[in-house]
Each structure stands twice: as structure tokens, then as C-alpha cells.
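Sequential numbering from 1 along the given sequence is applied to the chain's residues. Side-chain atoms are counted along with the backbone in the values below, which use heavy atoms only and exclude waters and symmetry mates. When a ligand or atom number is given, it counts from 1 through the structure's own listing order.
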Amino acid sequence: MTVTLQRHGAIAVVTIDNPPVNAVAHAVRQGLMDAVAQTENAADIRAVVLACAGRTFVAGADVKEFDMPPVDPNLPDVIAAIEAAETPWVAAVHGTALGGGLEIAMGCHYRIADPKARMGLPEVTLGLVPGAGGTVRLPRLVSADLAVAMVAGGKPISAQVALEAGLLDALAEGDLRDAALAFAASCSAPRRTLGLPVVGKTDPEAFDKTASDLRRKARGQRSVSVAIETLERGLTLPSADALAEERATFLSLKASDQARGLRHIFFAERATLADPRCKAEPRALTHIGVVGGGTMGAGIASLCLMRGFAVTLIERDDASAEAGAERVRTTLQGSAKRGLLHDHAGALARLQSATTYDALAEADLVIEAVFEDMSVKKNVFAALDAATRPDAILATNTSYLDVNEIAACLKDPSRAIGLHFFSPAHIMKLLEIVLPDRVADDVVATAARLSKSLGKIGVFSGVCDGFIGNRIMSSYRSEADRLLLDGAFPSEVDAAMRDFGFPMGIFEMQDLAGLDIAWAMRKRRRAEGKLAGNDSRISDRLCEAGRFGRKTGGGWYDYVDGRAQPSEHVSKVIDEERGGEAMMLTQDDIISRILVALRNEAEALIEEGIARSANDIDVVMVNGYGFPRWTGGPMFSARRGS
Ligand code: 3H9
């Protein structure tokens, strides 16, 4: 049974048990309806506690049901039945009460929570608005300023904040169930949320600022502005009208392409590590070595410290070791300030720096983040082979070099793996886990578990030049170059892709990263015969003229007071390289040509066995390379034909 009822004297405890996250599937809705009928008909039940089994309160509607025809009873009706009950209902919240879960709790007459609980309305992140009264009940419990942040921002709040704001009536001291039973025993009558007046905008300026900030950050995702409008109706319309409008909006968004795309990514992200190799027993990890204290090494070290690991940072001399350690300390301090690190002192205490590899003798895993050059990496790996325990895992953070060749430096290549972090490593969600041919299953399983402990979305990639993400990005760059030769200018290509939803255009991005890195790589690949000689001639000529991007005051654009402006020099080079007539290219032509190029490369990656699936590619592009999340990624949008 997914919903059960137990008696504790005059109090009934209704328990939802639908692992893993108690999502409100049909059986839960029906079970709750039955529980309302049962408790209303029992004259000797004075109050009801609604609780959940397992690790969390209800985490929302069952998103898997969203692509199926709806089956009654629907959630708004279930919540209306609870709210209309004559017997008081008390929600006992632990874990996360999210979406439909928080809506159920708000339909109850009172709410008590475990102090560690969190609650929120994340529907907007799935391209939706709350569909079971969230935008109508929440503003009757908390100020509109907080409601707009929750409804249109989607981030959960802590139980402490919820208590102070009015969303909760009490925090449990000690056992939640006992506290909820005691609370319920003191409730004499229902207090219906819809019967309360709207709290309103306590600070109208704060409301407007939050709303406009969230609209700006939405980057083409419709649900954010629709959520703000829906909440405005919840604040102003009579509750019955606001509920009807909210429901209609929810249903129409649920069927939208953006919501389908976001649902696709939600499930794709949770499936990337479902791989037979992860069934092996992972190796124990407590002590991590990081070689190289530059931006990337220091970022990785900071992340590992923030997630509870002991870290030894290796640099070539005392001054570099101190500089690296200082970078880590600065990142930790910033993270502590932003509330991302709770045990600041503990993290600092777990950091050590050293200048010789023997400091890594007891490390369980070493990640090298040194200069991106094969011979440098090989030297580091050979030194690590001698200095570390034979069962320690050795990882390279290379973003394109051949991990098989690096692994071959080891006596036992099965302990080598690629861990491709994205900068800044403590912020970016994606981790490409690059699997060389001879990697051991338990090394793969350990990397997968590490990715979870570090709060990353890990995706497996085979070995190739650039792995999944960089391969697709280089096809983007090549197609953008071809567009220039055919008639477009950098600013037109960038504007089209920003309009599509990318945070930045490809040429702006290159200027920011520096054109010289890709130039060096092209020269290397040409020398190896892996790149046609004429590819990227325009970019080569910019580099030959010393135009490496922002850092040199010019690249694809000129930079005046830090602002990008179209460059006459670049236009002249493009005209000369183009030779013939320029074609007329519309924004749609530009977008569709680039999307086709990305999809062709993605298909090649699957055929070559580099990527396991189209879903993995979508996850990589959305989380590591700025592909708009609401499209569902390049492969999902290709399948949908948009
Ligand atoms: C909504 O509620 C609409 C209403 O307003 C109106 C309705 C009428 N459904 O993330 P995890 C699965 S919209 C189905 O790895 P964690 C997930 O796929 C919903 N399945 O765990 C995974 O399955 P598997 C609003 C779900 O501990 C497993 O549970 N709610 C759902 O890292 C574990 O998930 C949300 O948007 C779901 N709603 O994090 C909350 N949620 O094991 C979405 C999870 O087979 N969920 N699963 O791969 C979350 O944010 C996180 O899952 C949560 C747990 C924080 C709860």
C-alpha cells in the first residue's frame, strides 16, 4: 500500500510510502482521497498527521506521468478534499517538500517540520508553474516578495526561513513524528489556507527587483515570466478564479516543447552513471592529491576540500605551492561567504601543500592539472607511478589529450582515468569521466561515486581528441568559420546564437578564452596530419597579427573600454579569405546550419562509441557548454524536429 493509516488514540497518522522520493503518483492521490474519506467518517478521530516514509516528504508530482493521459483523482481535487476536511490535518515534513509535495502541505491546516527540512516550488525548472494551488496558497502564508522568489526562482528554502516567513507553524524538537502527534493533539479546528487573506507585497520594490532579475536570467525560458504572471493573479484574483487560471496555465505549459525538453534533461541527467561497470565495488577515497596549483588545480582542490576530502596540493617549488594554496584559500573564503561551505575551518585544516611527490605516498586518488602538453603530462604520470600506492587511482584533467597514451606510462594502466572538470571547478556541474581502453571496472565505479560526492553530473566519454564536449564545440567553431566564408560576420553569428539561448556567442567566447590556445592546438593537429591545412585560416591570420582576444585588446572583436565592437581589421581579413560573393544569410539560416553541424558531430560520436547515447550528449552540452537547457539539448531538439 502506498498510503496507510494508523491510529494513535484520537490521532490518525496517514503515511505516504512511495520510494524513492514519495512522488505523487496516481496510487498516492487515490490513497489520500481514501484517507480523507476514512478520517472524516470516524467520529473518534480528532486530528490527522500526514507524514512520509523513507528519506523525504513528497518531492512533487510524479514527473513520469506527465507524458501520459491524466487519471483521476487529480492533485488539486485531492488537496481541496484535505483542506475541506472538518478534522484538522497536520503535515509533518522531513527531507524536501517540493512542488506538489509543498502544495499538499499547504492544503493541510497546519505544518510542522524537521529543522533540516527544505521546501520549495521548483516547477519553473521543469518549464511549468505550480499546478495544484501553489501560487494561490503560498501568498496567503508568506509575503509576496518571498513567494515570487520561490515560484519564479524555484530554489527551496530552509525550515528556519519557512518558519520565520509563516510557511511553517513549528519546528520539531526531537523526533518529528512525536512532535507532530503532540502538535495535532493541540489542534481543535481546521485553519484553511484559502480562508486566509493574501499577505501581500511587504516590500514592492524588492518584489519588482526579484521578478525582473529572474526574467533577465531566464534566457528564453518561458516558464519564469509565466510563473510571475500566475503569482500576480494569485495575489489579486479571488482564490477560485486564481486556482482555475493556475491549473489551465500548468496544463498548457506541461504540453509545451520547453517543458518536454526540461523533463528530458531532468531524467537524462539522472541516468548518465547507470552503467554495468559501476556495479563494481568502488575503492575507498579520503585523501586526494592534486598536481598543479593553477586555476584548474586550485579549483579542483577547493571543490574536494568543500566536499570533505583531505587534499595535498603539489607544486614545483615553495613559491608556487604557496601561490596555489592561497588560490584555494581565496576560493574557500568566497564559498563560505556565499553559504556554499559550512565548515570553513575544517576545510582549511584538511589542506596541505608540498613540492615533492612523496607527499602523495598515502593518497587514494591523484588528479593532475598541469600544463596541457603530452610530454609534461607523461612526466607527471611516470613520477606518480613511482611515488603512489599501486592501488591509488591516477587521473588526468586533460581536456583533449590522448588518455590511452598517458595511461601507457604506468606499470598498471588499469588505474588511470580522465576526469575532465570545467572551470570554475567548484561551480560547474559537468564532469566528463574519460575511460581509457584498459581502465579497471572498480576505477570507473570509484570515479562515478566521486562525481556524486562532488555534486557533479558525471558523463562517461571514450578517448578521442577533445572528448564529447570539445569535439562538438569544435564542429560549432568550424561551422561558424564556414558561415564567415559564406557571408556572415562574427557579430551576426554571435547575435543569432545568443538569440537562440546561448549565454554567449562562439566568437565572443573565443575572445574570452584566448585564440592562442586553439591556434597552438591547430598547429599541433596539422603537424600530425589530423586537420586540413586551410581550416580556420581567418583565425590563424588574426593570431599571426597578435589578435589573441580580450587580453590583447582585440581578437574577433575590437575591445574599447572592455566593450566588444565589430572590427574593421577582421572584416578585411574575412573579405580577403572569402574571395567570392557573400551570400545573404538570415538568423534562421545561421542557427539551423550550426545546429545541423552539432547534431552531425554528435551522431559521429555515438557511431564511434565515444558517447554512450544521445542523452549523454545532451547532458554534456547543456551542463558544460551553455546549450539552452529548455531545448533538452541538441539531440533531443533534433529528434523533436526543432
Ligand atoms: C510538480 O510537482 C507539479 C505540481 O505543482 C502540480 C501537479 C499537478 N517524479 O534526484 P535524485 C526520481 S512538478 C518522478 O537522484 P536526490 C529520480 O528520477 C515536480 N521521479 O535524488 C531518481 O530516479 P532513479 C516538482 C522523480 O536525493 C530518484 O527519484 N518537483 C521525481 O539527489 C532519485 O532522484 C521537483 O521538481 C519526481 N518528481 O534528490 C523535484 N523526483 O533512481 C524533483 C525524483 O530511477 N526532484 N525522482 O534515477 C528533485 O529535485 C530531487 O530528486 C530530490 C532528491 C531533491 C527530491
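Within the 4.0 angstrom cut-off, atom 23 (O) of ligand 1 has no protein heavy-atom neighbours. Distance check for atom 5 (O) of ligand 1: a protein heavy atom is found below 4.0 Å. Within the 4.0 Å cut-off (strictly below), no protein heavy atom is located near atom 42 (O) of ligand 1.
A distance of 10.5 Å separates CG of Asp34 from CG of Leu5, quoted to the nearest 0.5 Å. Between the CG atom of Asn397 and the CG atom of Leu431 there is a distance of 9.0 Å, given to the nearest 0.5 Å.
In Arg192, the CZ atom is crowded: over 12 heavy atoms of neighbouring residues, nucleotides or ligands sit closer than 6.0 Å.
Shown in contact with Phe267 at under 4.0 Å from a heavy atom are these atoms of ligand 1, numbered in order with element: 18 (O). Every atom of ligand 1 with a heavy atom of Pro20 under 4.0 Å away is listed here by number and element: 28 (C), 29 (O). Atoms of ligand 1 lying under 4.0 Å from any heavy atom of Glu123, numbered from 1 in the order shown and given with element: 1 (C), 2 (O), 3 (C), 4 (C), 5 (O), 13 (S). Remark: ligand 1 atoms within the under-4.0 Å shell around heavy atoms of Leu98 are 40 (C), 50 (O). The ligand atoms of ligand 1 that sit less than 4.0 angstrom from a heavy atom of Arg247 are 8 (C).
For Tyr625 and Phe502, the ring centers are positioned 6.0 Å apart or more.
Of the N or O atoms in Thr125, none lie within a sub-3.5 Å distance of an N or O in ligand 1.
Heavy-atom proximity to atom 14 (C) of ligand 1, evaluated over Asp62, Val24, Leu273, is greatest for Asp62. Counting heavy atoms only, Ala61 comes closest to atom 38 (N) of ligand 1 of the residues Pro19, Ala61, Gly60.
Contacts with ligand 1 closer than 4.0 Å are made by no heavy atom of Thr56, backbone or side chain.
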Side chains of residues 423-430: which donor-acceptor partners sit under 3.5 Å, not counting sequence neighbours?
unit_1, atom_1, unit_2, atom_2, d
Lys429, NZ, Gly455, O, 3.0

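Contacts of Arg247 classified as salt bridge (charged side-chain N to carboxylate O under 4.0 Å, His left out), with partners at least two apart in sequence or in another chain: none.
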